[in-house]
Structure formats: C-alpha cells, structure tokens
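Below: one structure, written as structure tokens.
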Amino acid sequence: MATSDSLGTAKSVRLSRATIDYRERGEGPPVVFVHGLLVNADLWRNVVPAVAEAGNRCIAPDWPLGSHTTPVPGADLTPPGVADMIAEFLDTLDLTDVTVVANDTGGALTQLLMTRHP
C-alpha cells in the first residue's frame, strides 16, 4: 500500500475480483488518481495535499499495475479489465461527478474508462 502519510487515511474496498487499497484526504468534490505501471499511489504524495487543501476529497488508490501489495488473483489485468475495475471502484464508493487525474499508463486506462463507462 502507498506509504506516504501526505496521502491521508489508509482504507481498502472489496470489489468483485479484487481488494483495492487506497488513501483518502480532504472533503468536497471527489478527485480520483490513476497512476501508471510499476508505481503506486505514492506517485501523488506531492499533489494530493494541495488538491485537498483546495477543497477536494482526494482518493489515491494503489491500482494493480505492478507496485501494489494486496494480491489480486483472478482479476482481469488487461487494460480494459483495469478500466472496468476503476469503474467498479467508483461505483462501489458511490462517487459521482468525479474528476479523474491520470499519469502515464493511467492516462490510457482513464481513456478506456471514459469510453467503456461514459
């Protein structure tokens, strides 16, 4: 799991095929972060504090892209599968009108998310 305390409180959510660990900080409109391959939510450790202080609820998951610590056996880790996992994460947390911030491979996953779950 992401280790930087600047990301907020450690939480996890059980999806249909995976448990996703995430950090949450702040209150207000939701902002969900999508990192790329071989990193975790720590990528956002210098971004989340400022976005949270601007009045947003920041949610920084450790997506199963190679630097996660919770195993995801049986999960579809193809790009469309991870995009569907992101959509299920948003639904499970009952997030609406979400701003998604992405980096690197996370940008491609977010594009798939938007086309598969408009």
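Each residue takes its place number in the sequence, starting with 1.
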Mind listing the closest non-hydrogen atom pair of Ala83 and His117 along with its distance? O-CD2, 4.3 Å
Can a salt bridge be assigned to the pair Asp84 and Arg116 using a cut-off of 4.0 Å between side-chain N and carboxylate O? yes
Within-4.5 Å side-chain heavy-atom neighbours: Phe89 and Ile59: yes
same_hphob_cluster(Met85, Leu112) at 4.5 Å side-chain heavy-atom cutoff: no
Carboxylate-amine/guanidinium proximity below 4.0 Å for Glu24 and Lys11: yes
Nearest 0.5 angstrom please: Leu93 CG to Glu88 CD, how far? 10.5 Å
Quick one: does Thr19's side chain get under 4.5 Å of Val13's, heavy atoms only? no
Check whether Asn56 reaches the backbone of Cys58 with its side chain - one donor and one acceptor, N or O, closer than 3.5 Å. no
Minimal heavy-atom distance between Gly26 and Ala52, with the atoms involved, is CA-CB, 4.1 Å
Candidate list Asp76, Leu109, Val72, test side chain to side chain contact (heavy atoms under 4.5 Å, CB included), partner Val82, passing option: Leu109
Among Val48, Val47, Val51, exactly one meets side chain to side chain contact (heavy atoms under 4.5 Å, CB included) together with Val31. Which residue is that? Val51
Parallel, tilted or perpendicular: which fits the ring planes of Phe33 and Trp44, with parallel below 30° and perpendicular above 60°? tilted
If we count only N and O atoms by modelled type, under 3.5 Å, do the side chains of Thr70 and Asp21 hold a donor and an acceptor together? yes
Rounded to the nearest 0.5 Å, what separates atom CG in Leu38 from atom OG1 in Thr105? 8.0 Å
Report yes or no: does Ser6 contribute a side-chain atom to a donor-acceptor pair with the main-chain N or O of Arg45 at less than 3.5 Å? yes
Less than 4.5 Å apart, any side-chain heavy atom of Pro61 and any of His68? no
Asp5 vs Arg23 side-chain heavy atoms within contact, under 4.5 Å: yes
Working for side-chain contact (heavy atoms from CB on, under 4.5 Å), residues His35 and Leu65: CA-CA 8 Å; His35 59 74; Leu65 298 172; 3.9 Å; yes
Please evaluate residues Leu15 and Ile20 with respect to the criterion side-chain contact (heavy atoms from CB on, under 4.5 Å), reporting the C-alpha separation (whole Å), side-chain torsions for both, the decisive distance (0.1 Å), and the verdict. CA-CA 7 Å; Leu15 305 179; Ile20 301 297; 3.6 Å; yes
Dump the intermediate steps for side-chain contact (heavy atoms from CB on, under 4.5 Å) on Ile86 and Val34, then the final yes or no. CA-CA 9 Å; Ile86 296 168; Val34 182; 3.9 Å; yes
Identify the heavy atoms of Ser4 and Asp42 that sit nearest to each other, and give their distance. N-OD1, 2.9 Å
Mind listing the closest non-hydrogen atom pair of Pro64 and Leu77 along with its distance? CG-CD2, 3.7 Å
Measuring from atom CG of Leu37 to atom CH2 of Trp63, what distance do you get when rounded to the nearest 0.5 angstrom? 14.0 Å
Exam field: side chain Asp62 to backbone Ala41, donor-acceptor pair closer than 3.5 Å: yes
Starting from the C-alpha separation in whole Å, work towards a yes-or-no answer on side-chain contact (heavy atoms from CB on, under 4.5 Å) for Arg57 and Leu95. CA-CA 11 Å; Arg57 176 183 174 197; Leu95 300 174; 3.3 Å; yes
